[in-house]
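Proteins come first, then strands; the chains are lettered A, B, ... in the order of their sequence lines, and each starts at number 1. Computed from heavy atoms alone, side chains included, the values below leave out hydrogens, waters and symmetry copies.
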Amino acid sequence: MVDRLGKIYAKLHDHFGPQGWWPADGPFEMVIGAILTQNTTWKNVEKAIASLKAEGLLDPMDLIKTGPDEIQRLIRPTGYFRQKTERLLAISYAIIDKWDGDLGNLFKKPASQARQELLSFKGLGPETVDSILLYAGNKPVFVVDAYSKRICERLGLIKTKDYNELQRFFESNIPVDVEVYKEFHALLVALGKEYCSSNEANMKCHLCPLEADCETGLLAQV
DNA sequence: GGCCAGGTCAAAG
DNA sequence: CTTTGACATGGC
């Protein structure tokens with residue numbers, strides 16, 4: 001399985017090229033993006049981040065000085081704007097009075113401890129937290145999302161839908177390397193967006209190895 | 001108009 | 001322990 005995942009990674013990298021994730025100007029902006037992108041297209045997140053940036057609010061201290069109504073208005077395009085505003089404010093307060101104003105202090109801790117601390121926030125689940133650890137903290141933590149689950153299922157790589165089991169599957173079958181983790185996750189999203197929609201009718205089956213005509217597919221000979 | 005998007009939580013079954 | 005509903009906007 002180590003070998004198969006390695007081949008999948010190589011094929012995806014050949015096909016899509018380097019993804020350069022996460023697109024963010026600094027760790028705090030990355031954290032904001034991780035929260036805002038929950039069940040939402042990145043396109044809408046870009047709008048919201050641009051709005052926050054235009055108001056000079058991409059900083060925990062400036063954010064908490066702003067009224068919730070104003071934040072809700074600025075992030076409206078990302079959906080769930082009331083909940084997400086709460087989450088942005090909660091993490092901002094934590095950065096200031098728990099991590100002394102610097103996310104770097106969180107990332108100095110062992111990954112497992114930082115992970116537990118982040119998971120204790122309401123609204124920060126495993127994917128959001130692991131994205132933060134990997135892309136903002138450069139911790140070797142593999143990020144599992146809806147696409148990686150679906151791709152694993154359709155390729156018959158592993159049956160479980162459990163987050164922790166899927167994460168363990170990837171982490172124990174690819175090299176422990178932050179850059180590889182980042183790139184692999186981003187590549188799985190790229191593949192998923194194009195060829196592995198949740199709606200099977202939208203799948204481009206010529207590239208899906210589970211379909212009959214997939215011999216020439218991207219992953220067919222893996 | 002219906003379905004989906006780089007999820008998460010609380011309440012049921 | 002698994003399933004379901006709520007949260008919400010924008011694009012196709």
**Integer angstrom distance from the P of C:dT4 to that of B:dC3** = 16 Å
**Message:** Without decimals, in angstroms, what is the distance between A:L88 CG and B:dT8 P?
**Reply:** 14 Å
**Item:** d(CG, A:N44; C1', C:dA8) in whole Å
**Value:** 11 Å
**Request:** Round to a whole Å and report the spacing from CZ of A:F121 to C1' of B:dC9.
**Result:** 16 Å
**Shortest non-hydrogen contact from A:L124 toward A:L119** = O-CD2, 3.7 Å
**Asked** Will you find, in the side chains of A:Y135 and A:H185, an N or O donor that is under 3.5 Å from an N or O acceptor?
**Response** yes
**Request:** State whether A:R82 places a side-chain N or O below 4.0 Å from either non-bridging phosphate oxygen (OP1 or OP2) of C:dA8.
**Result:** yes
**Prompt:** Under 4.0 Å between a side-chain N or O of A:K47 and OP1 or OP2 of C:dG11?
**Reply:** yes
**Prompt:** What are the two closest non-hydrogen atoms of A:P140 and A:V176, and how far apart are they?
**Reply:** CB-CG1, 3.8 Å
**Message:** Just to be sure I understand the rule, does A:A186 reach a base, reach only the sugar-phosphate, or reach nothing, if contact means heavy atoms closer than 4.0 Å?
**Reply:** nothing
**Message:** I need the CD-P distance between A:E194 and B:dC4, as an integer number of Å.
**Reply:** 19 Å
**Contact residues, residues 28-39 of chain A to DNA chain B [heavy atom, < 4.0 Å]** = A:T37, A:Q38, A:N39
**Prompt:** Of all residues at least two apart in sequence or in a different chain, which pass the ring pair (Phe, Tyr, Trp, His ring centres under 6.0 Å) check with A:Y80?
**Reply:** none
**Asked** For residues A:T40 and A:K84, is any side-chain donor paired with an opposing acceptor at under 3.5 Å?
**Response** yes
**Request:** Rounded off to whole Å, could you give me the NZ-to-P distance for the A:K161 and C:dT4 pair?
**Result:** 11 Å
**Request:** Decide, yes or no, whether a salt bridge links A:E179 with A:K182 under the criterion of side-chain N to carboxylate O below 4.0 Å.
**Result:** yes
**Request:** Sticking with atom P, work out how far C:dG10 lies from B:dT8, rounded to a whole angstrom.
**Result:** 22 Å
**Prompt:** Any Lys/Arg nitrogen of A:R73 or A:E70 sitting under 4.0 Å from an Asp/Glu carboxylate oxygen of the other?
**Reply:** yes
**Prompt:** Quantified in whole Å, what is the P atom distance between nucleotide B:dC4 and nucleotide C:dG5?
**Reply:** 15 Å
**Item:** For A:W99, ring pair (Phe, Tyr, Trp, His ring centres under 6.0 Å) partners two or more places apart
**Value:** none
**Message:** Could you tell me how far apart A:E46 (CD) and B:dA5 (C1') are, to the nearest whole angstrom?
**Reply:** 14 Å
**Request:** Considering just the side-chain nitrogens and oxygens of A:R150, establish if one lies under 4.0 Å of OP1 or OP2 belonging to B:dA5.
**Result:** yes
**Asked** For A:Y195 and B:dC4, what is the distance between atoms OH and P respectively, to the nearest whole Å?
**Response** 20 Å
**Prompt:** Salt bridge check: are A:K53 and A:E29 linked by an N-O gap of less than 4.0 Å?
**Reply:** yes
**Fill in**
Residues of residues 67-81 of chain A with a heavy atom under 4.0 Å from any atom of DNA chain C, listed by number, are A:R76, A:P77, A:G79, A:Y80, A:F81
**Request:** Would you please name every residue forming a salt bridge (Lys or Arg N to Asp or Glu O under 4.0 Å) with A:K98, sequence neighbours left out?
**Result:** A:E117
**Prompt:** Going by distance alone, is a donor N or O of one side chain under 3.5 Å from an acceptor N or O of the other, for A:R87 and A:Q83?
**Reply:** yes
**Item:** Where A:Q19 and A:A190 come nearest, the two heavy atoms and their spacing
**Value:** OE1-CB, 3.8 Å
**Asked** How close or far is atom P of C:dG5 from atom CD of A:Q83, stated in whole angstroms?
**Response** 17 Å
**Item:** Of A:T40 and A:K43, the one whose closest DNA chain C nucleotide lies more 5'
**Value:** A:T40
**Item:** Selection: residues 122-143 of chain A, any non-hydrogen atom under 4.0 Å of DNA chain B
**Value:** A:K122, A:G123, A:L124, A:G125, A:P126, A:E127, A:T128
